[in-house]
Q: 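Let me begin by handing over the structure; questions about it come next.
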Amino acid sequence: MFNKRIKIKELLLQPAGKKDIVVMGWVRTFRNNQFIALNDGSTNTNIQVVAPLGQFTDELLKRITTSSSLKISGELVSSQGKGQSVEVVAHSIEVLGDSDAEKYPLQPKKHSLEFLREIAHLRFRTNTFGSVFRVRHALAFAIHQFFHEKGFLYMHTPIVTTSDAEGAGEMFRVTTLPFDNPPRSEDGMIDFKEDFFGRSTHLTVSGQLEGELGATAFGEIYTFGPTFRAENSNTTRHLAEFWMIEPEMAFSDLEDNMNLAESFIKHIIGFVIQHNMEDLVFLDQRLAEEEKQLPADKRSEMGLIDKLRFVLDNDFERITYTEAIDILLNSAAYKKKKFQYEVKWGIDMQSEHERYLVEKHFKKPVIVTNYPKDIKAFYMRQNDDGKTVAAMDILAPGIGEIVGGSQREERLALLTQRMKDMHIAEDELWWYLDTRRFGTVPHAGFGLGFERMVLFVTGMTNIRDVIAFPRTPKSAEF
RNA sequence: UCCUCAGUAGCUCAGUUGGUUAGAGCAUCUGACUGUUAAUCAGAGGGUCACUGGUUCAAGUCCAGUCUGAGGAGCCA
């Protein structure tokens with residue numbers, strides 16, 4: 001067996017004196033021809049490996065370069081140096097893989113995030129991305145734990161879909177037709193009957209409609225999978241391929257939905273605080289360092305960890321859309337004409353309005369409910385006032401909309417009327433409407449953009465830095 | 001897609017009014033040193049100034065277009 005190693009995270013907790021230790025990892029720095037800072041990705045803290053002078057040949061020592069991979073056997077001793085309490089004295093050093101220092105792009109120095117994006121295949125070997133992706137993993141794990149413990153069923157909804165009815169955004173087409181000379185029907189249109197699935201297909205923009213099918217049988221389900229939008233969005237908050245969590249609950253209304261969303265967000269933040277404090281401390285310091293370069297009024301009032309604790313310890317503010325508009329209309333910012341866009345009942349709130357509510361007025365996450373029906377999707381349940389729907393968005397400081405959800409319209413007649421009004425073809429969604437034909441129930445759900453959650457928890461500011469291999473317009477390297 | 005800004009060594013950047021052979025720090029290489037903490041000290045190598053075209057006696061510098069990146073907006077999660 002080759003892998004008899006101890007992970008560095010575990011090794012650092014061991015008392016000095018332990019013999020016959022095997023560690024493997026990649027070299028971060030090699031100082032003084034003696035001291036190797038070795039990292040294996042289990043933690044940002046390196047183990048210091050000491051190669052006593054004279055015990056190893058120059059030929060071997062020359063091969064210990066940044067990011068070369070080593071297998072070290074030795075003994076754990078208390079360190080004579082100041083930076084660490086224990087270190088490994090090497091008895092043997094085996095170079096598993098050389099790394100040509102002249103060609104290796106990462107140096108033991110600070111790199112810009114933009115540069116690291118260009119070498120996304122290697123950026124995991126930096127402290128920042130080490131922490132980000134360990135936190136990302138912990139969040140994913142906590143999500144499954146939360147829903148599992150609540151009795152939700154993890155449902156895998158399809159990636160390739162046939163319905164383009166939801167209108168959640170532009171879609172990527174999936175086809176095997178030759179695009180230089182596709183088959184055409186008599187009217188000159190491309191004949192998708194000849195295509196692989198015998199019809200037009202796309203990558204999914206949401207698993208919600210299929211999720212509702214699951215919820216109306218299992219009661220409570222969630223999805224957690226990749227989602228695709230072919231929008232030409234070039235922002236720090238948008239990806240063409242991103243991961244989304246979409247729970248759906250039968251026998252639930254809008255309030256149940258809000259309660260679920262709030263406890264869900266608190267659970268996963270709590271999990272990371274409990275299990276990833278070392279990474280959070282690093283990210284907290286990184287953010288503080290970053291913000292030093294900003295003008296004073298652009299800096300956040302709280303550090304990263306304080307912000308997460310604050311979210312955990314406080315109830316989210318819950319207001320209706322109508323109340324939100326009133327707050328905006330009565331705000332000093334409005335009266336001083338600080339808003340670029342008009343404020344009046346019926347508008348789809350702009351980023352500046354959401355930011356005002358979250359960052360200036362309430363200074364915490366805000367759940368806005370009961371939006372005008374004209375700016376929301378067809379499946380949202382109509383309220384008795386005839387003007388609004390039972391929708392809810394959760395707005396987070398620095399990120400904006402992090403959750404979008406609603407109670408769904410369970411009444412067939414009202415749902416089909418709404419579809420007619422919005423020119424959505426009923427026959428394409430016959431299977432969806434069957435849930436309302438056979439034992440319909442009040443139900444609700446929401447979607448949470450996973451990467452936006454990772455942004456919030458890590459304090460990173462660009463969504464391309466919290467997914468391993470970002471897909472954005474004109475960019476799909478790796 | 002729109003607006004703004006940027007692109008000079010492997011990285012981060014400087015480059016004056018358009019004027020001789022384009023600079024610095026870090027990294028790399030060579031040597032010295034050896035309990036270092038992004039080690040230190042000395043020396044060396046390293047450039048299609050994003051690309052294409054234009055103006056000019058002369059362009060890294062001015063103009064136009066293209067590409068790429070960043071920030072903001074829209075769309076949204």
Side-chain angles (χ1 to χ4, degrees), chain A residues 27-37 45-54 58 61-62 65-66 77-84 87 89 99-119 122 126-127 166-170 204-208 226-246 261 294 298 340-341 348-352 354-355 375-377 393-396 399-405 446-456 461-467 472-475 477:
Chain A
V27 175
R28 282 288 173 85
T29 63
F30 183 32
R31 288 182 296 269
N32 229 344
N33 235 11
Q34 253 186 107
F35 302 103
I36 304 163
T45 313
N46 304 317
I47 185 78
Q48 171 154 293
V49 176
V50 184
L53 285 173
D58 282 355
L61 296 176
K62 284 232 185 278
T65 55
T66 306
V77 300
S78 52
S79 178
Q80 300 168 39
K82 284 183 188 135
Q84 57 283 316
E87 63 193 17
V89 175
S99 173
D100 185 341
E102 283 192 71
K103 293 183 182 143
Y104 184 65
L106 283 170
Q107 300 150 20
K109 60 171 277 193
K110 206 176 166 97
H111 289 292
S112 67
L113 294 172
E114 290 85 355
F115 171 67
L116 292 171
R117 248 169 251 153
E118 292 169 14
I119 49 166
L122 295 172
T126 64
N127 285 335
E166 202 208 333
E170 291 295 311
T204 184
V205 293
S206 161
Q208 181 200 314
T227 310
F228 306 88
R229 304 274 166 92
E231 300 284 354
N232 191 6
S233 299
N234 295 285
T235 80
T236 54
R237 302 180 306 283
H238 290 86
L239 291 163
E241 177 183 293
F242 64 99
W243 287 65
M244 191 151 64
I245 297 102
E246 295 179 291
L294 296 175
K298 295 259 182 183
Q340 196 187 332
Y341 290 88
D348 203 352
M349 279 190 280
Q350 303 292 316
S351 294
E352 58 175 357
E354 296 180 348
R355 293 184 85 104
I375 58 173
K376 288 292 181 182
D393 284 359
I394 300 185
L395 311 176
I399 313 282
E401 186 180 339
I402 195 164
V403 163
F446 63 83
L448 175 136
F450 184 52
E451 282 76 17
R452 289 191 181 174
M453 194 68 216
V454 182
L455 275 183
F456 185 76
T461 49
N462 191 316
I463 202 163
R464 300 168 188 117
D465 296 329
V466 298
I467 188 167
T472 53
K474 300 274 180 291
S475 174
E477 189 83 42

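First the proteins, then the strands, lettered A, B, ... as listed; each starts at 1.
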Q: Would you say B:G74 has OP1 or OP2 under 4.0 Å from some side-chain N or O of A:Thr235?
A: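 No, no such contact exists.
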
Q: Less than 4.0 angstrom between a side-chain N/O of A:Asn32 and OP1 or OP2 of B:U36, yes or no?
A: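 Answer no for this pair, as no side-chain N or O of A:Asn32 is under 4.0 Å from OP1 or OP2.
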
Q: Using atom CD of A:Glu102 as one end and atom P of B:A27 as the other, report the distance to the nearest whole Å.
A: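 A:Glu102 atom CD is separated from B:A27 atom P by 14 Å.
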
Q: With both distances kept under 3.5 Å, what pairs with B:U56, Watson-Crick or G-U wobble?
A: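 Matched B:U56 with nothing under the 3.5 Å cut-off.
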
Q: Hydrogens and angles aside, do A:Arg31 and A:Thr29 bring a side-chain donor and acceptor to less than 3.5 Å of each other?
A: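 Indeed, the side chains of A:Arg31 and A:Thr29 share at least one donor-acceptor pair under 3.5 Å.
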
Q: Quick check on B:C75: is either OP1 or OP2 less than 4.0 Å from any side-chain nitrogen or oxygen of A:Ser233?
A: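 For A:Ser233, the contact criterion (side-chain N or O under 4.0 Å from OP1 or OP2 of B:C75) is not met.
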
Q: Can you see if the side chain of A:Arg31 gets near the phosphate of B:A39 - specifically, an N or O under 4.0 Å from OP1 or OP2?
A: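 A:Arg31 to B:A39 OP1/OP2: side-chain N or O found under 4.0 Å.
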
Q: How many angstroms lie between atom CG of A:Asn127 and atom NZ of A:Lys110, to the nearest 0.5 angstrom?
A: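 The distance works out to 10.5 Å.
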
Q: Write down the distance separating the P atoms in B:A22 and B:U61, rounded off to the nearest Å.
A: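 These two P atoms come out 15 Å apart once rounded.
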
Q: Applying a 3.5 Å limit to both distances, which nucleotide forms a Watson-Crick or G-U wobble pair with B:G18?
A: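 Paired with B:G18, as far as the under-3.5 Å criterion goes, is no nucleotide at all.
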
Q: By nearest atom, which of the nucleotides B:G74, B:G35, B:A70 is closest to the A:Arg464 side chain?
A: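 That would be B:A70.
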
Q: For A:Ser475 and for A:Asp393, locate the closest nucleotide of RNA chain B by heavy-atom distance; then report the residue assigned to the nucleotide nearer the 5' terminus.
A: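 Its nearest nucleotide lies further toward 5', so the answer is A:Ser475.
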
Q: Which nucleotide, if any, forms a Watson-Crick or G-U wobble pair with B:U34, using both distances under 3.5 Å?
A: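 By the stated definition (distances under 3.5 Å), nothing pairs with B:U34.
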
Q: Look at the side-chain N and O atoms of A:Arg117 and state whether any lies under 4.0 Å from the OP1 or OP2 oxygen of B:A70.
A: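 Checking B:A70 against A:Arg117, a side-chain N or O does come within under 4.0 Å of OP1 or OP2.
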
Q: Counting Watson-Crick and G-U wobble pairs only, both distances under 3.5 Å, name the nucleotide matched with B:C75, or none.
A: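 Here B:C75 is not engaged in any pair, so there is no nucleotide opposite it.
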
Q: Of the nucleotides B:G35, B:U28, B:G74, which one has an atom closest to the side chain of A:Phe35?
A: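 The listed nucleotide nearest to A:Phe35's side chain is B:G35.
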
Q: Between A:Arg229 (side chain) and A:Val205 (backbone), is there a donor-acceptor pair under 3.5 Å?
A: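 Yes, the answer is positive, given that a donor and an acceptor are paired below the 3.5 Å cut-off.
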
Q: Tell me the interatomic distance from A:Asn462, atom CG, to B:G72, atom C1', rounded to whole angstroms.
A: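 After rounding, the gap between these two atoms is 13 Å.
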
Q: Is there a Watson-Crick or G-U wobble partner for B:U48 with both distances under 3.5 Å, and if so, which one is it?
A: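 Paired with B:U48, as far as the under-3.5 Å criterion goes, is no nucleotide at all.
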
Q: Where the side chain of A:Lys109 is defined as all heavy atoms beyond and including C-beta, which of B:U12, B:A39, B:C76 is the nearest nucleotide?
A: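 Output: B:U12.
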
Q: Please work out if A:Tyr341 contacts a base, only the sugar-phosphate, or nothing of the nucleic acid, heavy-atom cut-off 4.0 Å.
A: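 A:Tyr341: backbone/sugar contact only, no base atoms under 4.0 Å.
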
Q: Watson-Crick or G-U wobble partner for B:A24, using a 3.5 Å limit on both distances?
A: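 Partner of B:A24: B:U12.
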
Q: Rounded to the nearest 0.5 Å, how far does CG of A:Asn33 lie from CG of A:Leu61?
A: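 The CG atom of A:Asn33 is 5.0 Å from CG of A:Leu61, to the nearest 0.5 Å.
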
Q: Rounding to the closest angstrom, what is the interatomic distance between B:U34 and B:G15 at atom P?
A: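 Here B:U34 and B:G15 have their P atoms 43 Å from each other.
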
Q: Would you say B:G72 has OP1 or OP2 under 4.0 Å from some side-chain N or O of A:Thr236?
A: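 Yes, because at least one side-chain N or O of A:Thr236 sits under 4.0 Å from OP1 or OP2 of B:G72.
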
Q: With sugar-phosphate meaning primed atoms plus P, OP1 and OP2, does A:Ile399 contact a base, only sugar-phosphate, or nothing at under 4.0 Å between heavy atoms?
A: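 Here A:Ile399 touches no strand at all.
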
Q: Say we look at B:C63 and B:U55: how far apart would their P atoms be, to the nearest angstrom?
A: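 That atom pair is separated by 16 Å.
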
Q: Reading RNA chain B from 5' onward, which residue's closest nucleotide shows up sooner: A:Lys474 or A:Gly404?
A: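 Its nucleotide being nearer the 5' end, the pick is A:Lys474.
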
Q: Please report, rounded to the nearest Å, how far the P atom of B:G46 is from the NZ atom of A:Lys103.
A: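 Those two atoms, NZ and P, are 17 Å apart.
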
Q: Do A:Asp100 side-chain atoms and A:Glu102 backbone N/O form a donor-acceptor pair below 3.5 Å?
A: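 Yes, because the side chain of A:Asp100 sits within donor-acceptor range (under 3.5 Å) of the backbone of A:Glu102.
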
Q: Could you please name the partner base of B:C67, counting Watson-Crick and G-U wobble pairs only when both distances are under 3.5 Å?
A: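 Pairing partner, where one exists within any strand: B:G7.
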
Q: Calculate, to the nearest 0.5 Å, the distance between atoms CZ and CG belonging to A:Phe450 and A:Leu455 respectively.
A: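 These two atoms lie 11.0 Å from each other.
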
